[in-house]
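Read the structure below first, then the notes.
Every number for a ligand or one of its atoms is a count from 1 in the order of the listing.
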Amino acid sequence: MSSGHAGCPFSFPSAKPQLPTASETMTALQNLLDWAKSTGVQLDGIAPQPLPGRGIGVVASRDLKKGDIVLDVPTTAIHCLDTVPTSLRQRLAQAARDSTSPRLSLHGLLAAALLLNGRHDTPPSDESPGFDSTVWARCAPSMELFKEGFPQLWPPLLQALVPQTVATIIETQRNKIHDDWTALRDLLTSTNTTYPFLAVSATSTKDQFVHAWLLINSRTFYNLVDSTRRYPYDERLALIPLADLFNHTPSPGTINKPRKAPVAVSFSTDGYTFTATKDIVAGEEVCISYGEHSNDILLAEYGFFFTSSSISQEHNGGNPYDSISLAEVISPLLTADQQTQIVQAHRSINIDRDDDANSDRADETANPIDGCTLSVDTTGAAVQVMLSPMLQIALRIVLEQKLTAEMATFGTSVAWVPCPDDRDVVLWVRKTVQAMQVVAQERLESLRVIVVDPDAASAKELLTGRWRQIQRTAALANQALQSHLE
Ligand SMILES: C[S@@+](CC[C@H](N)C(=O)[O-])C[C@H]1O[C@@H](n2cnc3c(N)ncnc32)[C@H](O)[C@@H]1O
């Protein structure tokens, strides 16, 4: 094995690795904090620490007041397009000019830089003076941990049983990873410089690249600055050390009225600033919101979702932004013409929402019918069934001949709305919800009988838990819609 391997922060021993001990984790965190201080990162009133069932998180070390700046990270300390080592960027740019390979995305470049740091034949002085990927990576989760949570890494037997939203996301990720890996491998092997580890074991290097790619996918913030403007929106990312240790909490509010997250993020060309938007008492975990994501999206993109044993929250784990996709039961009900109309409506909504021509890459890969989702709000006196904008559009298209004045506004709003009291709408939605109950029951039965390797047992448990939530949500929606009809 080449000596280059020894310095690589990503390693994949064949035997199941031991989790780091508590003292190893604390030492790694202390090293990260020492490095952060030396690069001008300022933490005020917060400290990272391991939290049961949540990996490492951030906790208030004193009472925080609304408006307190808790973390300030200068641009020089972040891992982004502008701080990837110049030698690596130049080499990849040169190789790209000489090659017919697919383009390496910015997401792929950031992952490649994590992987190649310290492994290419350039003097250390040419490395980025700020971001230290070795110190950072010692606090990051291992590939073995990722294999438990991330559906992208599950065995095909389990992937075949994931909800539609998760299936679409993991397919999109797979295609992007494939393109990035192909581009990187071709670029590196086409340069004169030797990358011995590539020749030694391309398979293990690909695994390491996938790990780096998923780290970038699950721990970065948008980096919408001038230098990233030429890249598609979903690639304009930056890894912000320490900020990537904040866990996610859903913002308070409801699916149609989200309110402020407990910590606000702002950025400029100088760096990123994190500010408390409410008082937080010492010892409390300090979380940010990753967005108003459903449990399916959290599972596919972040490898976890919210669960709760409380009856009132068992359908969504207390996540007010949870929803279930009705795509797999709606698609067979639509004519080809209706499907085309939905795709066109989706495109026009996205054009209206988005003034940046570069930012449509994600939408091209999304399946608009996946957006036909439904949520159940149990916080009021009566259970309320909420319809997503895409589901409103689908209803408008399907029931076009029967539009009432109230329904005529469907599809023109980008907000979630409660299911209206129109009998045709209620009957149609109820039909899809009942079909979804059957799908959930079938998936749970398949999960019950399949046998997976012990390594995949926790993934199977996670997926079973998610289908139980979907089944519960569909059952609650069915009951609520029934009462609309009585
Ligand atoms: C940006 S990182 C946050 C730091 C992470 N906990 C760690 O140990 O490095 C995102 C990852 O944290 C975990 N995570 C975030 N929010 C969580 C939550 N509310 N509950 C459980 N795990 C969470 C998930 O594994 C997710 O992929």
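Residue contacts with ligand 1 for Phe304 involve side-chain atoms from C-beta outward but no N, CA, C or O (heavy atoms, distance under 4.0 Å). Under 4.0 angstrom from ligand 1, the non-hydrogen atoms of Asp244 all belong to its backbone. Residue Phe306 touches ligand 1 through its side chain alone, judged by heavy-atom distances below 4.0 Å.
Less than 4.0 angstrom separates some heavy atom of Gly55 from each of these atoms of ligand 1: 8 (O).
Looking at Leu215, Leu245, Asn247, it is Asn247 that brings a heavy atom closest to atom 15 (C) of ligand 1. With Phe305, Tyr290, Phe146 as candidates, the residue nearest to atom 10 (C) of ligand 1 on a non-hydrogen basis is Tyr290.
Considering only non-hydrogen protein atoms, atom 8 (O) of ligand 1 sits nearest to Ile56 N, 2.7 Å. Protein heavy atom nearest atom 27 (O) of ligand 1, with residue, atom name and distance: Tyr302 O, 2.6 Å. Nearest to atom 9 (O) of ligand 1 among the protein's heavy atoms is Arg219 NH2, 2.7 Å. Among protein heavy atoms, the minimum distance from atom 19 (N) of ligand 1 is reached at His248 O, 2.9 Å.
With rounding to the nearest 0.5 Å, the separation of CZ in Arg468 from CD in Gln441 is 10.0 Å.
Annotation for Glu461: atom CD does not count as buried by contact number, only 12 or fewer foreign heavy atoms lying within 6.0 Å. The environment of Glu24 atom CD is dense: over 12 non-hydrogen atoms of other residues, nucleotides or ligands sit within 6.0 angstrom.
Considering only heavy atoms from C-beta on, Val162 comes within 4.5 Å of Trp154 through its side chain.
Aromatic ring orientation, Phe246 versus Phe274: tilted (interplanar angle from 30° to 60°). Using cut-offs of 30° and 60° for the angle between ring planes, the Trp35 and Phe131 rings count as perpendicular.
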(request) For Asp296 and Ser294, run side-chain hydrogen bond (donor to acceptor under 3.5 Å, both in side chains): C-alpha distance rounded to whole Å, both residues' side-chain angles, the deciding distance at 0.1 Å, then the answer. (result) CA-CA 5 Å; Asp296 280 341; Ser294 70; 5.1 Å; no
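Among the atoms of Ser218, none of the N or O lies under 3.5 angstrom from an N or O of ligand 1. Residue contacts with ligand 1: Gly303 is placed with no nitrogen or oxygen under 3.5 Å of a nitrogen or oxygen of the ligand (distance criterion only).
Taking the six-membered ring for Trp and the full ring otherwise, Tyr290 and Tyr302 have centroids separated by under 6.0 Å.
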